[in-house]
Amino acid sequence: MADETPHTAKPAPAGPTPSMSRTHEYTLDTLAPLLGAFPENLRALLFHNVTEAELWKRGRTVRTEHILQDAPLFLGSAYDVWQALTDAQRKKVNLDPRILAVCLDESRKLRELGQQHGLVAAVTSGGQAGRKSQAQQALRELRALRRSLLGSLRDALAAPAWARARQLAGKATRKALADGSERLADHVAALVRDASEDEQLQLCAYNIVAERAAELQAQVANVRAVTAVAASPAPRVQQRKLDIQDGRVLLLMARIYRAFRAAQRENPAILLPEVRALAGILTTRPRSRPRKARPTAAPPTPPSDAGAPA
């Protein structure tokens, strides 16, 4: 939800809850190669028994930015926890780890919808001219990021490797810029991921790190969203559509968290994924049903005075 929050999330429960002490800082983009792919029918199965009305009801209680703030933290720490588990511990977590990848994909879709929604709100009052100005600004920022990264690569790489990076980046024309920048970002992410220790040192010396590749990928997504809005005569992302997507992400996050929490009850050494803005929603345990009061025995009936001796 982006515009209003009808309900305020409850505060996190008192007392520390064992969770993953993270050593990595993840983003939605850097998590993608780690969590991998998933079969599309898995997504359909996860939502087949949930109605749009239920998703909308769930999603409208939480602001979109709070979900997007917690999603990388939550999924990254869940990935770290899963990687650290033994085979015996993993059997206690009743969860297909590919659900993390589905949740990531739904989160990235939410980010795109949120960007479009925000852009619409920002430029609608300016009409077509305002939308075009927004698109031009996004293109300038993308060109600047691309140019900066290519400059670092030129200094860090040998001539053949530099030529390969330059070829992937392509031309900086309006039509080719986004696709070429996306290829360049993927290439840099792979370079960093697959580099040897010495190569890592060389790349880091010129600030060629995964975060810069992720930043370029994010700006590519922003440019595509902005240009789509600029090309539309009446751009609009309905609030209900955004709320439903909020609900899809929240539903998966809740299921993932419950699976780890149930496993932790059996084995306290199993840690929980981390949450911050959504702590009051995901970490609150469902209330148990109140026990029915046992029927109280009727008090004994006092003896009647009828027929008693005088």
Do Tyr79 and Leu35 make a side-chain contact, defined as non-hydrogen atoms from C-beta onward lying under 4.5 Å apart?
yes

Heavy-atom nearest pair, Arg146 first then Ser181, reads CD-OG, 3.6 Å

For the residue pair Gln264 and Arg261, confirm or rule out a side-chain donor-acceptor distance under 3.5 Å.
no

Nearest 0.5 Å, what's the OG1-CZ distance between Thr27 and Arg111?
7.5 Å

Do Leu177 and Val223 come within less than 4.5 Å of each other through their side chains, counting heavy atoms only?
no

Smallest separation among heavy atoms of Ala156 and Tyr206, with atom names
CB-CD1, 3.4 Å

Any idea which heavy atoms bring Leu95 and Trp82 closest together, and the distance?
O-CH2, 4.0 Å

Is there a side-chain contact between Leu278 and Met253, using heavy atoms and a 4.5 Å cut-off?
yes

When clusters are formed by joining ILVMFWY residues with side-chain heavy atoms under 4.5 Å apart, either directly or through shared neighbours, do Leu45 and Val249 land in the same one?
no

Transitively linked via ILVMFWY side-chain contacts under 4.5 Å: Leu85 with Leu271?
yes

State whether the number of non-hydrogen atoms from other residues, nucleotides or ligands found under 6.0 Å of Glu52 atom CD is greater than 12.
no

Is there a side-chain contact between Arg255 and Cys103, using heavy atoms and a 4.5 Å cut-off?
no

Euclidean distance, Leu104 CG relative to Leu31 CG, rounded to 0.5 Å:
5.5 Å

Is there a donor-acceptor pair under 3.5 Å between the side chain of Asn94 and the backbone N or O of Ala259?
no

Sub-4.5 Å side-chain heavy-atom contact between Leu150 and Arg154
no

Same cluster for Val220 and Leu113 if Ile/Leu/Val/Met/Phe/Trp/Tyr side chains link at under 4.5 Å?
no

Interatomic distance, CZ@Phe260 vs CG@Leu272, rounded to 0.5 Å, equals 8.5 Å

In terms of heavy-atom contacts, Ala176 and Lys171 come closest through CB-O, 3.7 Å

Rounded to the nearest 0.5 Å, how far does CD of Gln217 lie from CG of Asp186?
5.0 Å

Quick check: closest heavy atoms across Tyr257 and Pro273, and the distance to 0.1 Å?
CE1-O, 3.6 Å

More than 12 heavy atoms from other groups under 6.0 Å of CD on Glu197:
no

Hey, could you give me the CG/CD distance between Asp194 and Gln200, rounded to the nearest 0.5 Å?
9.5 Å

Derivation of the side-chain contact (heavy atoms from CB on, under 4.5 Å) call for Leu110 and Glu106:
CA-CA 6 Å; Leu110 176 61; Glu106 294 291 339; over 6 Å; no

With a 4.5 Å cut-off on side-chain heavy atoms, are Leu282 and Phe74 touching?
yes

Looking only at non-hydrogen atoms, find the nearest pair between Lys57 and Arg60 and report the distance.
O-CG, 3.5 Å

Do Ile256 and Leu28 belong together in a cluster built from hydrophobic side chains that touch within less than 4.5 Å?
yes

Run the numbers on Leu153 and Leu184 for side-chain contact (heavy atoms from CB on, under 4.5 Å), then give the verdict.
CA-CA 11 Å; Leu153 290 169; Leu184 178 63; 3.8 Å; yes

Check: Arg212 side chain, Asn207 main-chain N or O, donor-acceptor pair, under 3.5 Å
yes

Using a 3.5 Å distance criterion without hydrogens, assess whether the side chain of Ser77 forms a donor-acceptor pair with backbone atoms of Glu274.
yes

For the pair Leu142 and Leu216, evaluate side-chain contact (heavy atoms from CB on, under 4.5 Å) and give the outcome as yes or no after the intermediate values.
CA-CA 7 Å; Leu142 179 57; Leu216 188 61; 3.6 Å; yes

Steps toward side-chain contact (heavy atoms from CB on, under 4.5 Å) verdict (Val188, Leu203)
CA-CA 10 Å; Val188 171; Leu203 293 174; over 6 Å; no

Validation row: Arg143, Leu139 side chains within 4.5 angstrom (heavy atoms)
yes

Rounded to the nearest 0.5 Å, the CD atom of Gln202 sits from the CD1 atom of Ile208 at a distance of 8.0 Å

Just checking, Arg43 and Phe38: is the charged tip under 6.0 Å from the six-membered ring centre and within 45° of the axis?
no

Distance-only criterion, 3.5 Å: show the donor-acceptor pairs between side-chain atoms of residues 158-169 and protein atoms not counting sequence neighbours.
unit_1	atom_1	unit_2	atom_2	d
Arg166	NH1	Gly170	O	3.1

The residue among Glu182, Gln219, Glu112 that forms side chain to side chain donor-acceptor pair (under 3.5 Å) with Arg224 is Glu182

Got Asp29 and Arg108 here, is their nearest side-chain heavy-atom distance under 4.5 Å?
yes

